[in-house]
Colleague: 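Sharing a structure, written as structure tokens. Questions coming.
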Amino acid sequence: MPLFCRIRMPGERESYFRSRRLSPKRWIPDRRQAVGKKIGSYLFMASFQLNLIIGAVFLTAMSTNPLAVAMLQASFGIEISWLTWFVYASVPMLLVSVAVPWVIYGLNKPTMTAEEMKLAPRFAREQLKKMGPMAKREKVLLAIFLGMITLWTLGPALQIHAAVVALTGVVLMLYTKIIAYADLLEEKMAWDILLWLAPLLALTGFLAGHGVIHWLVTCIQAPFLGCAFIFVYAALVLLYFYIHYFLTSLFIHLQAFFLPFVTVLAALGGDLYVIGMVFALLTCVSPGTTHYGTGTAAIYYASGYVTQKEWWLTGAAVSVVEVFFIAGVGYLWMSLLRA
């Protein structure tokens, strides 16, 4: 059986698209020689990293974002709205989104010629022309999404909770038959998050109420007694980010380390809004270091365009840029907003 299917690039051999047996020693090098080094490695790595980066920009773009906000509210009584999150995250994540593709480009430089690259936009224009203008359902869907974003932005002023906006959007899509109820049932990841989110929040309150969080904070504080805030901040940022090398789940990362690290820095005089946002944003991009850091990483890696060595080297280089702009520039930007 064919192991994969895709469009044949100009000049590639027809035999390349015949069936391949599951033999990584033969299949992956052949595939990467044909497409990977041309542009596949760069596109796959850039797509994966930018997926995480964009997920950090919006409160509703990644499941850990509202969980982090809920944990901050439950533990410290602070509220971060959709608009506040966007404003705080906008500058550091914009800088990251501009810098990261260039870092990836330097480590995975495409060999595709300029003439070959011109085929892509030409092909895209042809396909868009075949698709024709937007259908009525597509226009309705666009209107619903714009309405949801508007309500998420103005939610605090209108006293409308973000969850109410999300549920309203789902109901409208069902009512206008843009999606069917069967489609909702197939969204297993969404149901998984819905079922686990409440117990995770309850567990946070339970751990805090029984002194577990306080014990963890005490253990983390001990090595840094008498140290300056900037030194403790830098050490905890690096530890928090790179500890994900040993993890495969963002939920576990957030649940285990987010509150203790934020509490330690808050006790040393750090602004809870700034510290909370910095560590929440670092959570979003931390899986980019390895090919197992999150579920989507395994899917990208399984494509065969990038080897483990290339992935880890690229992830390490990208992580330096992300930590600098989020924990450095981002900290200064958020502190300026809070001044």
Side-chain angles (χ1 to χ4, degrees), residues 6-7 43-44 46-70 79-98 100-101 117 119-194 197 250 277 280-281 284-285 294-296 299-300:
R6 62 176 184 78
I7 299 171
L43 289 179
F44 265 65
S47 173
F48 171 71
Q49 295 291 347
L50 287 172
N51 181 47
L52 300 177
I53 293 167
I54 299 303
V57 177
F58 305 101
L59 174 60
T60 49
M62 190 173 285
S63 57
T64 53
N65 296 350
L67 179 58
V69 169
E79 293 187 13
I80 299 176
S81 66
W82 189 94
L83 182 59
T84 301
W85 179 290
F86 175 74
V87 173
Y88 277 35
S90 58
V91 169
M93 301 319 297
L94 174 63
L95 295 173
V96 171
S97 65
V98 172
V100 164
M117 289 187 180
L119 295 174
R122 189 186 310 163
F123 175 77
R125 285 192 296 268
E126 291 174 356
Q127 294 303 308
L128 286 173
K129 191 174 181 179
K130 289 180 180 179
M131 290 173 65
M134 290 180 65
K136 181 180 178 180
R137 293 176 63 198
E138 293 171 334
K139 293 178 180 178
V140 172
L141 179 61
L142 178 61
I144 292 173
F145 280 169
L146 291 176
M148 291 173 66
I149 292 173
T150 302
L151 289 176
W152 275 328
T153 305
L154 302 177
L158 300 175
Q159 298 295 309
I160 302 176
H161 197 277
V164 175
V165 177
L167 289 173
T168 302
V170 173
V171 170
L172 287 174
M173 286 188 287
L174 286 171
Y175 179 76
T176 54
K177 297 182 179 179
I178 292 173
I179 59 174
Y181 184 69
D183 297 326
L184 291 181
L185 297 179
E186 292 177 0
E187 292 294 336
K188 297 180 181 179
M189 181 63 71
W191 288 110
D192 187 56
I193 293 172
L194 181 64
L197 192 59
L250 281 174
M277 279 298 302
L281 295 180
C284 294
V285 297
T294 185
T296 54
I299 298 173
Y300 276 90

Colleague: I'd like to know whether Val285 forms a side-chain contact (heavy atoms from CB on, under 4.5 Å) with Met93, so could you lay out the CA-CA distance, the side-chain angles of the two residues, the decisive distance to 0.1 Å, and finally the verdict.
Modeller: CA-CA 10 Å; Val285 297; Met93 301 319 297; 4.1 Å; yes

Colleague: Restricting to side chain to side chain contact (heavy atoms under 4.5 Å, CB included), what partner residues turn up for Leu174, sequence neighbours left out?
Modeller: Val170, Ile179, Leu184

Colleague: With a 3.5 Å cut-off and sequence neighbours excluded, list the donor-acceptor pairs that the side chains of residues 124-150 form with protein atoms.
Modeller:
from: Arg137; atom 1: NH2; to: Lys177; atom 2: O; distance (Å): 3.0
from: Arg137; atom 1: NH2; to: Ile178; atom 2: O; distance (Å): 2.9
from: Glu138; atom 1: OE1; to: Ala135; atom 2: N; distance (Å): 2.8
from: Thr150; atom 1: OG1; to: Leu146; atom 2: O; distance (Å): 2.8

Colleague: Does any part of the side chain of Leu94, heavy atoms only, come nearer than 4.5 Å to the side chain of Ser97, both counted from C-beta?
Modeller: yes

Colleague: Is any side-chain heavy atom of Asn65 closer than 4.5 Å to a side-chain heavy atom of Thr60?
Modeller: no

Colleague: Excluding sequence neighbours, so at least two apart, what forms side chain to side chain donor-acceptor pair (under 3.5 Å) with Thr84?
Modeller: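 With sequence neighbours excluded, Thr84 shows a side chain to side chain donor-acceptor pair (under 3.5 Å) to Ser81, given in chain and number order.
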
Colleague: Would you compute the distance between atom CG of Leu83 and atom OH of Tyr88 and round it to the nearest 0.5 angstrom?
Modeller: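 Between atom CG of Leu83 and atom OH of Tyr88 there are 10.5 Å.
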
Colleague: Using residues 47-58 as the side-chain source, report each donor-acceptor pair under 3.5 Å to any protein atom, sequence neighbours left out, with the distance given to one decimal.
Modeller:
from: Ser47; atom 1: OG; to: Tyr300; atom 2: OH; distance (Å): 2.8
from: Gln49; atom 1: NE2; to: Gly288; atom 2: O; distance (Å): 3.0

Colleague: So which heavy atom on Val165 is nearest to which on Trp152, and how close?
Modeller: CB-NE1, 3.6 Å

Colleague: Could you state the interatomic distance from CG (Leu172) to CG (Leu167), rounded to the nearest 0.5 Å?
Modeller: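 Those atoms lie 11.0 Å apart.
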
Colleague: Measure the spacing between CD1 of Ile80 and CH2 of Trp85 and express it to the nearest 0.5 Å.
Modeller: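 It is 7.0 Å, given to the nearest 0.5 Å.
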
Colleague: Could you grab the distance from atom CD1 of Ile160 to atom CG of Leu154, nearest 0.5 Å is fine?
Modeller: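 If I round to the nearest 0.5 Å, the distance is 8.5 Å.
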
Colleague: With sequence neighbours left out, write down each residue that passes side chain to side chain contact (heavy atoms under 4.5 Å, CB included) with Val171, or none if nothing qualifies.
Modeller: none

